[in-house]
Protein chains: 2
Amino acid sequence: MLTTAQQDAIDQVRSFNRFYTRHIGILDEGFLGQPLNLPEIRVLFEVAKESTLTANVLADYLRMDPGYVSRILAKLLKMGLLHRATDPSDRRRKQLMITPSGEELLQSLNDLARNNLEQLLAPLSPPQRSELVSLMNRIRALLEPSRQQRVLIRPLQLGDLGTVINRHAVLYATEYQWDKSFERTVLEVLAQFANTVDETCERGWIAEVDGQFAGSIFAVKESDETARLRALLVEPQFRGMQIGRQLIEQCIDFCRQCGYKQMTLWTCSCLTQARKLYTKAGFTCTKAWDEPLFGANLTSESWDKVL
Amino acid sequence: MLTTAQQDAIDQVRSFNRFYTRHIGILDEGFLGQPLNLPEIRVLFEVAKESTLTANVLADYLRMDPGYVSRILAKLLKMGLLHRATDPSDRRRKQLMITPSGEELLQSLNDLARNNLEQLLAPLSPPQRSELVSLMNRIRALLEPSRQQRVLIRPLQLGDLGTVINRHAVLYATEYQWDKSFERTVLEVLAQFANTVDETCERGWIAEVDGQFAGSIFAVKESDETARLRALLVEPQFRGMQIGRQLIEQCIDFCRQCGYKQMTLWTCSCLTQARKLYTKAGFTCTKAWDEPLFGANLTSESWDKVL
DNA sequence: CCTAATAGTTGATTATGTCAACAAATAGCT
DNA sequence: AGCTATTTGTTGACATAATCAACTATTAGG
């Protein structure tokens with residue numbers, strides 16, 4: 001059974017779908033008066049993109065009836081937009097190619113589509129346009145998770161500290177019901193970091209997936225000999241992508257380069273995923289103690305690693 | 001002529017449109033095997049939603065041919081899903097209404113659509129769902145500016161502090177090229193706030209537009225007599241919606257209730273929009289001094305207001 | 001050489017949508 | 001009132017879009 005909130009979400013998505021169907025409908029009207037209809041344009045577009053298509057492959061890819069595709073191709077061939085040659089190695093197959101006049105028409109169709117869209121986007125300012133694009137990309141990332149995701153580990157930038165604080169607070173509240181005192185602690189730790197950071201031996205890194213915040217890690221100086229690993233976090237939707245491992249490796253490499261002799265970190269027994277990562281990276285738990293923290297009864301742990 | 005960046009934006013929007021067309025297409029496939037096709041469902045749905053429709057209004061709204069609508073209505077009437085009554089004040093018009101059996105069918109179609117969507121949204125966690133909804137609402141707000149946007153001023157929640165820090169850092173860097181020292185200052189101010197807050201006389205508020213972060217303000221105790229207004233921010237895309245004014249009012253109201261005698265705030269001469277808001281709210285600039293701050297040469301100002 | 005499978009085409013048919021002509025009612029004008 | 005123009009909704013004729021199954025030509029595999 002769905003909760004009310006989730007059902008609301010579904011209804012809101014449906015409402016957006018209705019809205020967007022109408023919106024796209026208005027755009028498609030711009031193609032009226034053209035010699036080609038939408039399926040024909042799609043076929044022409046695909047042939048132009050992929051120069052070695054055959055009718056069957058096309059029908060399969062576009063999820064169209066082979067007979068229908070055959071008729072569309074006949075029309076496009078008759079109009080001189082495509083031509084085709086029998087595959088000498090298999091005389092059943094006919095390789096499709098776009099002709100110069102096909103390219104030309106496709107170009108003008110592209111211009112038309114762009115102009116239509118341009119008119120609809122006209123009321124938007126440039127920053128609003130880039131906001132629109134980034135909203136759309138985010139929606140695609142959410143709905144099409146299979147879309148290739150680029151993982152990037154990069155040094156800290158302006159604005160990252162706030163994001164790290166926000167994500168720690170929200171995530172640990174969601175996953176472990178930790179309270180506001182945890183947010184306060186992270187805030188204090190990072191304020192301390194920002195105020196006293198020595199870039200030569202202290203750093204923070206952010207993991208991004210397709211430009212989105214996916215995780216964080218910090219290395220701070222505990223003493224001349226010892227570095228402390230802090231604020232490791234991987235967003236739940238990006239777990240299993242080796243992001244945690246990469247962040248820890250990045251951090252360890254840096255600490256070695258800085259000449260630290262050992263590393264230490266705090267965690268607690270309930271953070272099983274993080275603990276596995278620490279173990280894999282060569283850390284061992286050297287101390288454990290119970291204490292009430294963040295509104296829960298935690299078993300705090302200290303983990304160390306010799307570099 | 002379009003700039004390259006704008007053409008990129010247009011191409012990206014087109015790419016999103018192709019993606020979303022496919023996405024909606026997958027959803028619509030769930031309606032196969034029903035006695036009604038998509039246009040018929042849309043008509044039924046609209047009649048159910050708006051009980052005083054007539055055929056022409058419907059055709060207009062759904063951008064369908066009146067003749068086609070007429071035939072669809074004939075089918076739905078024959079199936080007993082709708083009925084209609086001649087408008088007594090204009091006997092050309094016939095008011096459309098849905099019948100109980102129409103409601104019933106619509107309900108089952110709704111369930112079907114919801115289930116289809118539910119399957120597509122299944123991989124998303126609840127927070128991702130609400131993110132999706134808020135992204136969609138924002139897109140609608142951009143593309144359909146007439147649509148009413150709900151502004152909400154709410155008290156601080158877990159996670160807000162990080163967001164406020166991030167937005168301050170990024171926004172002032174973008175708009176005024178302020179450097180990391182500003183991020184550090186905000187971080188420190190809010191860490192201080194989180195650690196020492198006395199909820200009876202200190203508060204923070206967040207402005208949301210359709211669930212999205214739109215702005216912030218804080219009231220902190222300077223002395224028993226004086227409250228300090230801090231961290232006022234309104235996101236650029238939501239300016240001109242009276243959000244700044246509402247945030248300041250909220251803050252002033254609270255300070256009055258707490259029994260403060262006066263309020264004070266820091267700003268600088270270049271923040272012209274904020275200064276206008278302060279003036280309107282009854283603040284006056286009582287002190288001004290030049291100082292190098294945040295990587296710029298600022299004219300700092302102190303503004304006060306007697307409550 | 002036979003059978004099964006594949007590539008593509010074609011005829012028949014259905015589904016979907018458009019257009020123009022039309023009747024009925026109303027609005028606006030004189 | 002009476003005339004004309006407009007609006008609301010319907011209908012027949014037609015055009016477009018899409019599907020299905022039968023069919024030819026070719027190839028693969030034994």
Side-chain angles (χ1 to χ4, degrees), chain A residues 21-22 24-26 28-47 50-79 82-97, chain B residues 21-22 24-26 28-29 31-47 50 52-79 82-97:
Chain A
T21 302
R22 262 169 62 82
I24 290 176
I26 294 167
D28 286 345
E29 280 174 23
F31 284 117
L32 295 177
Q34 279 306 122
L36 302 184
N37 65 21
L38 290 171
E40 287 157 357
I41 293 174
R42 290 179 74 197
V43 167
L44 186 62
F45 179 81
E46 291 303 330
V47 172
E50 196 109 5
S51 53
T52 57
L53 284 176
T54 64
N56 258 14
V57 175
L58 202 51
D60 213 45
Y61 179 68
L62 295 179
R63 301 164 149 263
M64 287 164 72
D65 179 80
Y68 190 29
V69 170
S70 179
R71 263 181 261 268
I72 288 177
L73 288 174
K75 175 175 173 182
L76 297 179
L77 288 163
K78 194 175 159 200
M79 288 174 72
L82 299 180
H83 66 104
R84 64 182 172 186
T86 301
D87 182 341
S89 73
D90 182 345
R91 289 187 354 261
R92 288 171 306 181
R93 290 189 198 170
K94 298 171 187 170
Q95 304 274 357
L96 295 164
M97 280 157 291
Chain B
T21 301
R22 218 168 43 235
I24 291 176
I26 294 167
D28 287 345
E29 278 172 24
F31 284 118
L32 295 178
Q34 281 304 122
L36 302 184
N37 64 22
L38 287 173
E40 287 158 358
I41 291 173
R42 291 178 73 198
V43 167
L44 185 63
F45 178 83
E46 291 303 331
V47 173
E50 195 108 7
T52 57
L53 282 176
T54 64
N56 259 12
V57 175
L58 203 50
D60 212 45
Y61 179 68
L62 296 177
R63 303 173 154 262
M64 288 164 72
D65 178 78
Y68 190 31
V69 170
S70 179
R71 262 182 264 267
I72 289 177
L73 288 174
K75 176 176 174 183
L76 298 179
L77 288 164
K78 194 175 160 201
M79 289 175 71
L82 299 182
H83 67 103
R84 64 182 171 187
T86 302
D87 182 341
S89 73
D90 181 346
R91 293 195 341 268
R92 289 171 305 182
R93 292 187 195 168
K94 297 171 190 170
Q95 305 273 357
L96 296 164
M97 279 156 292

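What you are looking at is a predicted structure, and each value in this text was computed from that prediction instead of being measured. Every heavy atom of this structure was used, including side-chain atoms; hydrogens, water molecules and symmetry mates were not. Labels below follow one simple rule: chain letters A, B, ... track the order of the sequence lines, proteins then strands, and each chain is numbered from 1.
- Separating the CD1 atom of A:Ile41 from the P atom of D:dA17 is a distance of 11 Å, rounded to the nearest angstrom.
- Side-chain atoms of B:Arg91 and base atoms of D:dT8 include no donor and acceptor less than 3.5 Å apart.
- Spacing between atom NZ of A:Lys94 and atom P of D:dA25 amounts to 11 Å, rounded to whole angstrom units.
- Judged by distance alone with a 3.5 Å cut-off, no donor-acceptor contact links the side chain of B:Arg92 to the base of D:dT8.
- We find that CG of A:Asp87 is positioned 9 Å from P of D:dT27, with the value rounded to whole Å.
- If you take CD of A:Gln95 and P of C:dA7, they are 12 Å apart, rounded to a whole angstrom.
- No donor-acceptor contact under 3.5 Å links the side chain of B:Arg93 to the base of C:dT26.
- When the side-chain nitrogen and oxygen atoms of A:Arg84 are compared with OP1 and OP2 of C:dA7, none of them lie within a distance under 4.0 Å.
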Provide a list of protein-nucleic acid N or O atom pairs under 3.5 angstrom, restricted to nucleotides 14-16 of chain C.
unit_1: C:dT16; atom_1: OP2; unit_2: B:Asn37; atom_2: ND2; d: 3.0

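- Here D:dA22 presents its P atom at 14 Å from CG of A:Asp65, a figure rounded to the nearest Å.
- Within the 4.0 angstrom heavy-atom criterion, only backbone atoms of the sugar-phosphate kind lie near B:Asp90; the bases stay farther away.
- A side-chain donor-acceptor contact under 3.5 Å links A:Glu40 to the backbone of A:Asn37.
- Within the 4.0 Å cut-off from OP1 or OP2 of D:dT11, not a single side-chain nitrogen or oxygen of B:Ser70 is found.
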